[in-house]
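Some notes on the structure that comes next.
Here is how names work: the chains are called A, B, and so on, in the same order as the sequence lines, proteins then strands, and each is numbered from 1.
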Amino acid sequence: MREFKKENKVFIKSNNSTSKIFNRYLYCLIPFLLLIVFYNLIWGSNIYVLNLFKSIFISLLISILTQYIFNLIKKEYNISKVFLHDQILTISIILGLFSINSNIFLIIISSLVTVIIKNIFRDINISSTLYGMLVILLYSYYTNDLNTPLTNLKELSYVGTYELMVTPHGGIVDYLFGLNNIYLSPILSVIAFIYLFNKKSIKYNIVFSYILTFFIIMLLFGLFNNMNIWYLFLQLTTGNILFLSVFCLTDYTNTPTTGEGQIIYGIILGILTSVLRFVVPDLSVVISLILGPILLTKIINRISFKLKYDKKYYYLILSISIILVLITLILLNILI
Amino acid sequence: MVSIEDKKISPSKKIIDDVKIQIIYIPLKSKLGYVYKPTVKVGDYVCIDDTLGINVTTDFALKSSVSGTIVGIEKKYISNGHLVDCLVIENDFKEKYRNKLGKKKDITKYSKECFLYMLQNSGITGMGGGDYPTFIKYSTNNKINYLIVNGIESEIYSSSDNALMYNYAEEILECIDAITEIMDIDKAYIAINENNSVIIKKFLKHINTYPNIKIYPIIDAYPSGWERYLVNEITNLNYENNPSEVGVIVNNVSTIYSIYELLKYNRPSTEKIVTIAGAGVRKPANYKVKIGTNFSELMLKTDGYSKINNPVLVAGGAMMGKSIPTDELIITRDLNTILVLEETNQKSEKCIKCGKCSEVCPVGLMPVMIIDSNDRTKKLRIDKCIGCGLCSYVCPSKIEVREILESMKEK
């Protein structure tokens with residue numbers, strides 16, 4: 001008779017792991033950095049590149065130190081954990097990308113806010129950067145430091161000509177590739193999404209439904225206001241909507257777990273962003289993505305259970321979504 | 001459904017069937033909990049097919065797979081990981097029958113009543129892992145429209161059914177035809193993995209003579225052999241408790257082969273093909289052994305174990321199998337695979353709520369929500385869990401989700 005270890009479990013496991021998933025997010029950020037560096041070194045300004053490295057370095061330093069202090073409080077003394085499990089690199093790069101031209105003090109504050117929020121609310125991971133971004137954007141609003149096509153919209157009653165809204169910041173191609181040094185490249189965001197989708201590392205239903213909802217509302221709004229197709233492109237390529245939807249909207253820990261729930265979540269946030277876009281243009285995505293998990297995730301998780309087992313709820317949700325989109329459109333056209 | 005890497009033994013590889021086992025153990029309690037009251041005592045001589053015990057509630061017989069003398073009752077492990085009392089028979093290798101009948105030429109010439117009686121009296125149970133008495137499945141008042149023969153082996157190492165189908169395709173077809181004739185079943189389907197072209201070809205070679213039997217290729221993913229999935233995929237029907245409610249009977253291919261032997265030779269099969277594989281086995285292969293073989297004796301008489309760190313013995317597949325603490329494991333009708341694997345200690349991390357467990361669950365459960373909400377488990381249908389283990393397999397945090405669900409289910 002030979003004895004064996006008794007272990008009740010599944011004896012084979014998939015190759016996927018949390019660190020692999022998180023690392024994929026990190027890999028996706030590298031092309032953004034490379035694009036900014038090479039474009040600015042060749043055609044742009046070297047100072048912009050220096051500022052990029054400065055902001056990433058500072059946010060990395062502050063984030064690592066703050067996270068390590070939190071780890072020490074939790075009696076976790078291994079510093080490698082900060083890099084491997086706490087996604088500090090990903091968080092710092094995102095923050096760095098958003099604070100390129102900000103002053104050092106602002107970068108430090110935003111990094112501190114991000115890491116503190118991440119550790120206080122343990123269900124928040126990459127999307128904790130949204131809080132850091134909020135600090136940067138609010139400060140920019142306060143100091144009138146923000147000069148982007150969407151803030152111009154504020155003075156232009158949200159509709160205007162191509163020459164007034166697009167031309168001052170380059171052409172549509174500049175917007176698509178993020179070459180105007182205002183927003184991060186939407187094209188690279190799409191490529192990052194495809195890569196993460198292919199590696200099954202993203203809650204893709206959320207991105208699909210979010211972008212589709214926003215797209216439909218903006219398309220219809222543009223049509224009602226006799227705007228051309230460039231208007232739709234402008235809305236989709238400004239405000240970092242694609243970048244944030246790929247990297248922050250899909251944060252694993254605080255978004256719905258089922259496919260059905262993720263679709264509902266995306267639709268509601270799409271509507272919310274569309275409305276906020278005409279109130280706080282550049283903050284619209286950030287605020288929507290902060291509000292989403294706070295208000296929706298738990299409720300949607302509960303609803304999606306019903307959806308799984310009763311198909312009549314699908315029609316109900318679909319009807320509610322269509323009605324909400326129409327109400328949004330009517331509201332926007334009345335208000336603007 | 002999830003595609004899992006294939007580590008199956010090729011069905012064309014020779015089945016090892018020359019291992020002679022001296023001591024045979026017949027468990028007096030089945031995997032599903034059917035208890036058999038012994039009808040023999042220590043010292044009795046028994047022949048093949050002699051009744052060793054009776055389950056009083058179902059009047060279902062327990063049969064001997066060898067001829068020899070009863071030498072005692074011992075506790076041994078069975079496929080569900082439980083230690084149960086087993087009748088110990090010392091095999092005399094004479095293969096004696098009390099009433100040996102000749103080979104029946106036309107196995108379709110049985111009445112329905114006679115067929116059901118034979119099934120009940122023969123001790124045939126589901127050999128695909130279910131261990132459910134087969135006669136109960138057929139004793140239904142509903143009209144049976146479809147017979148689905150499950151030839152799917154979605155577990156990563158299991159290949160015993162493939163080997164059986166490869167070597168006995170003609171016999172299986174003959175038996176399916178007989179069952180459809182006897183039970184007046186309209187149509188029969190043999191479900192086979194679509195990538196299993198060698199076996200599909202084997203069946204196609206003979207199938208033309210059986211117009212009522214169709215081959216139904218099924219996606220090669222796990223758990224495509226799940227009964228409920230097969231019924232829905234093939235007939236588009238859904239049922240509450242068992243498939244006969246909607247006029248369907250599902251039998252594993254090895255159960256069909258056992259019925260074939262019953263109809264042809266008036267006795268159920270006394271042997272069983274079992275896959276023995278894993279890094280800890282020196283000669284992974286499909287072995288044809290007597291039902292009641294002790295795995296430890298089988299390993300002593302074959303090439304035995306190879307050296308690995310932290311070996312784990314698993315009765316059943318790598319996904320759904322049970323870990324057994326010693327190799328005193330009895331090969332029963334329902335046991336198709338025995339694995340000796342190297343235990344990999346993957347540390348589990350905090351759940352990141354990725355929802356992959358919900359995404360892959362074939363029943364549509366939401367394990368992550370069930371684990372989070374202790375008080376609402378019933379509402380979240382925890383009782384529907386089939387224990388396929390996909391949730392644990394896909395979990396990137398390496399959490400043993402199935403084990404957590406099972407412990408919650410028990411509560």
Side-chain angles (χ1 to χ4, degrees), chain A residues 1-24 81 84-87 122-126 199-206 250-262 265 293 297-298 300-310, chain B residues 2 4-5 7 81 156 278 280 296 299 305 310-314 317-328 339-341 343-344 346 349-359 364-369 372 379-381 389-398 400-403 406:
Chain A
M1 184 178 84
R2 189 175 161 170
E3 294 201 344
F4 293 87
K5 192 176 174 190
K6 189 164 163 61
E7 189 92 39
N8 278 332
K9 64 178 194 179
V10 170
F11 294 93
I12 46 166
K13 298 275 181 180
S14 69
N15 293 329
N16 213 1
S17 66
T18 45
S19 55
K20 275 186 183 172
I21 292 174
F22 294 154
N23 285 344
R24 285 178 196 132
K81 192 187 171 290
L84 295 172
H85 299 286
D86 294 322
Q87 287 183 277
R122 288 175 145 238
D123 274 350
I124 300 175
N125 221 333
I126 296 182
K199 293 282 179 192
K200 293 177 182 163
S201 301
I202 190 166
K203 289 183 174 177
Y204 57 89
N205 286 317
I206 305 181
T250 55
D251 193 3
Y252 274 115
T253 44
N254 56 12
T255 47
T257 47
T258 64
E260 294 84 351
Q262 287 160 17
Y265 186 77
T297 304
K298 277 200 172 164
I300 289 177
N301 269 336
R302 286 196 167 212
I303 294 172
S304 59
F305 168 71
K306 284 187 176 170
L307 269 171
K308 260 196 173 232
Y309 294 104
D310 203 339
Chain B
V2 171
I4 299 174
E5 58 170 328
K7 288 189 177 172
I156 176 168
S296 65
M299 290 313 273
Y305 303 103
N310 303 321
V312 188
L313 178 70
V314 184
M319 295 290 279
M320 290 180 90
K322 294 275 174 207
S323 167
I324 310 288
T326 77
D327 60 1
E328 294 292 307
L339 303 172
V340 182
L341 301 170
E343 216 259 309
T344 48
Q346 283 177 308
E349 289 165 21
K350 194 185 152 199
C351 175
I352 58 164
K353 308 250 177 353
C354 62
K356 287 197 189 295
C357 47
S358 310
E359 217 173 274
L365 298 179
M366 299 198 286
V368 63
M369 268 182 79
D372 276 354
K379 226 178 168 185
L380 293 165
R381 303 188 185 205
L390 262 187
C391 43
S392 299
Y393 173 79
V394 296
C395 180
S397 302
K398 309 296 170 203
E400 290 300 334
V401 184
R402 187 197 46 199
E403 312 311 317
E406 275 182 359

Go through the atoms of Met319(B) and report whether side chain, backbone, both or neither lie under 4.5 Å from a heavy atom of chain A.
both
By salt bridge (charged side-chain N to carboxylate O under 4.0 Å, His left out), Glu359(B) pairs with (sequence neighbours left out) none
Restricting to non-hydrogen atoms, name the atom on Phe22(A) and the atom on Ile352(B) that form the minimum distance, rounded to 0.1 Å.
CZ-CG2, 3.8 Å
Less than 4.5 Å to any heavy atom of chain B: does that hold for the side chain of Ile12(A), its backbone, both, or neither?
both
Atom of Phe4(A), atom of Ile324(B) and distance for their closest heavy-atom approach:
CB-O, 3.7 Å
Straight-line distance of Met369(B) CE to Thr258(A) OG1, nearest 0.5 Å
8.0 Å
So which atom in Asp327(B) and which in Met1(A) form the shortest heavy-atom distance, rounded to 0.1 Å?
OD1-CA, 3.6 Å
Testing the basics here: between Gly321(B) and Phe11(A), what is the closest heavy-atom pair and its distance to 0.1 Å?
O-CE1, 4.1 Å
Between Asp251(A), Asn254(A), Thr257(A), which is the residue that forms a side chain to side chain contact (heavy atoms under 4.5 Å, CB included) with Lys353(B)?
Thr257(A)
Using salt bridge (charged side-chain N to carboxylate O under 4.0 Å, His left out) as the criterion, list what pairs up with Lys5(A), not counting sequence neighbours.
Glu7(A), Glu343(B)
Please determine, among Cys357(B), Cys391(B), Gly355(B), the option with the most heavy-atom pairs under 4.5 Å with chain A.
Gly355(B)
Portion of Lys20(A) that has a non-hydrogen atom of chain B nearer than 4.5 angstrom:
neither
Which pair of heavy atoms, one from Lys398(B) and one from Ser17(A), lies closest together, and at what distance?
CE-CB, 4.4 Å
Specify which of Thr255(A), Val10(A), Asn8(A), Asn15(A) makes the most heavy-atom pairs with chain B at under 4.5 Å.
Val10(A)
For Gly81(B), is there any backbone N or O sitting under 3.5 Å from a side-chain donor or acceptor partner on Lys6(A)?
no
Considering only heavy atoms and a distance below 4.5 Å, find which of Glu3(A), Gln262(A), Lys203(A) pairs most often with chain B.
Lys203(A)
